[in-house]
Amino acid sequence: MDIQFDLLENLIKSPSKDFLNQTIYEAFNHSRDLKPSKNFLEQLSQHLEIDIDSSEKLISELGKLISRLIFENQTNLQQIQNALASSSLQSNLKNLLGKILAERLPQFRNKLMKDEEMMPKLLDFKCRVDIKMDSNMTDSEAKSGQQTCLLNLKIQEPKNCINDEPKIENLNLELSKQTLNTIINGLNKIKDQLNSIATSQ
């Protein structure tokens, strides 16, 4: 994963440590597909004296850096400084960025492990049995037709933007008896594994 450190060099113009801290937080959210607000991007552009497109790219590149450090488990100050050592960043920016990242990365890693908002949530479901037949079937043939399960899932999608309301989707599925049995068997195995973990603790 190549990081465009020339874009991150603009962070040297950050008006305060708190603002740089906020920028790092927004970049972390961006790495989770949560876009920063328009208001923050405008502030970033104004403080760093760059255009909106460059601000968005900077947030994206900083998000890549955060993701790489977390993925490679380089979350203490020495590890972060080593990762930044070969970059083109000015030494004072490296030091400040390293200190803030050392404080925030363990928090970000824990949030990634606990955060359920990254995955769709099942809110509700409805199902009914139907008989699949074509228009040429007689009533007697329909009684022995292929039975299917019509399943409706109500799902809350992850937010695309921090200030967005969660989007609700309705997903309709048609499952044959064989497919339904396969799903049920798989879920029963998962249930057994969870029960086994619970009893061993």
Undergrad: Distance from L7 atom CG to L48 atom CG, nearest 0.5 Å?
TA: 10.5 Å
Undergrad: Find the distance between OG (S55) and NZ (K38) and round it off to the nearest 0.5 Å.
TA: 13.0 Å
Undergrad: Going only through I, L, V, M, F, W and Y residues with side-chain contacts under 4.5 Å, is there a path from L173 to I184?
TA: yes
Undergrad: Supply the atom-to-atom distance I155 CD1 to L171 CG, rounded to the nearest 0.5 angstrom.
TA: 5.0 Å
Undergrad: Exactly one of L96, L20, L89 should register a side-chain contact (heavy atoms from CB on, under 4.5 Å) with L11. Which one does?
TA: L20
Undergrad: For the residue pair L112 and R32, establish whether any side-chain heavy-atom pair is separated by less than 4.5 Å.
TA: yes
Undergrad: Nearest 0.5 Å please: distance from the CG atom of L105 over to the CG atom of N76.
TA: 10.0 Å
Undergrad: Identify the two heavy atoms, one from P106 and one from L101, that lie closest to each other, and give their separation to 0.1 Å.
TA: CD-O, 4.2 Å
Undergrad: Does any N or O in the side chain of N181 come within less than 3.5 Å of the main-chain N or O of K177, such that one atom is a donor and the other an acceptor?
TA: yes
Undergrad: Would you say the side chains of Q22 and E26 form a donor-acceptor pair under 3.5 Å?
TA: yes
Undergrad: Count I, L, V, M, F, W, Y as connected when their side-chain heavy atoms are under 4.5 Å apart, and connections chain through other members. Are L123 and L153 then in the same cluster?
TA: no
Undergrad: Looking only at the side chains, is there a donor atom on one of D51 and S54 sitting less than 3.5 Å from an acceptor on the other?
TA: yes
Undergrad: Hey, are the side chains of K57 and Q4 touching, using non-hydrogen atoms and a 4.5 Å cut-off?
TA: no
Undergrad: How close do L180 and C149 get, heavy atom to heavy atom, and via which atoms?
TA: CD2-CB, 4.0 Å
Undergrad: Keeping K94 on the side-chain end and Q81 on the backbone end, is there a donor-acceptor pair under 3.5 Å?
TA: no
Undergrad: How far apart are the closest heavy atoms of G63 and S31, and which atoms are they?
TA: O-CB, 3.8 Å
Undergrad: With heavy-atom distances below 4.5 Å as the criterion, would you say the side chains of L84 and L65 are in contact?
TA: yes
Undergrad: Rounded to the nearest 0.5 Å, how far apart are OG of S37 and CG of L44?
TA: 10.5 Å
Undergrad: Can you check whether K191 reaches L187 side chain to side chain, under 4.5 Å on heavy atoms?
TA: no
Undergrad: Taking everything shown except K13 itself, do over 12 heavy atoms lie less than 6.0 Å from its NZ?
TA: yes
Undergrad: Hey, are the side chains of N73 and R109 touching, using non-hydrogen atoms and a 4.5 Å cut-off?
TA: yes
Undergrad: How far apart are the closest heavy atoms of A27 and I66, and which atoms are they?
TA: CB-CD1, 4.0 Å
Undergrad: Linking I/L/V/M/F/W/Y whenever their side-chain heavy atoms sit closer than 4.5 Å, directly or via other members, would I183 and L150 fall into one cluster?
TA: no
Undergrad: Honestly curious: do F71 and L62 fall in one hydrophobic cluster under the side-chain, below-4.5 Å linking rule?
TA: no
Undergrad: When you compare the side chain of E61 with that of L8, does any pair of heavy atoms fall below 4.5 Å?
TA: yes
Undergrad: Is the ring pair F108/Y25 parallel, tilted or perpendicular, if the boundaries are 30 and 60 degrees?
TA: tilted
Undergrad: Do R104 and F28 have side-chain heavy atoms sitting under 4.5 Å apart?
TA: no
Undergrad: Is there a donor-acceptor pair under 3.5 Å between the side chain of N95 and the backbone N or O of N92?
TA: no
Undergrad: Could you tell me which non-hydrogen atom of D2 sits nearest to which non-hydrogen atom of K64, and how far apart they are?
TA: O-CD, 4.3 Å
Undergrad: Please test I24 against L97 for side chain to side chain contact (heavy atoms under 4.5 Å, CB included), starting from the C-alpha separation and ending with a verdict.
TA: CA-CA 9 Å; I24 289 172; L97 195 59; 3.8 Å; yes
Undergrad: Say whether, by atom type as modelled, one donor and one acceptor occur between the side chain of T182 and the main chain of Q178 under 3.5 angstrom.
TA: yes
Undergrad: Just do the side chain to side chain contact (heavy atoms under 4.5 Å, CB included) check on Q90 and E9 with the steps written out, would you?
TA: CA-CA 7 Å; Q90 296 182 33; E9 190 69 49; 2.9 Å; yes
Undergrad: Are L69 and L77 connected in a single hydrophobic cluster, I mean Ile/Leu/Val/Met/Phe/Trp/Tyr linked by side-chain heavy atoms less than 4.5 Å apart?
TA: no
Undergrad: What's the separation between atom CZ in F40 and atom CD1 in I59, rounded to the nearest 0.5 Å?
TA: 5.0 Å
Undergrad: Can you list the residues that meet the salt bridge (charged side-chain N to carboxylate O under 4.0 Å, His left out) rule with E169, with sequence neighbours excluded?
TA: K167
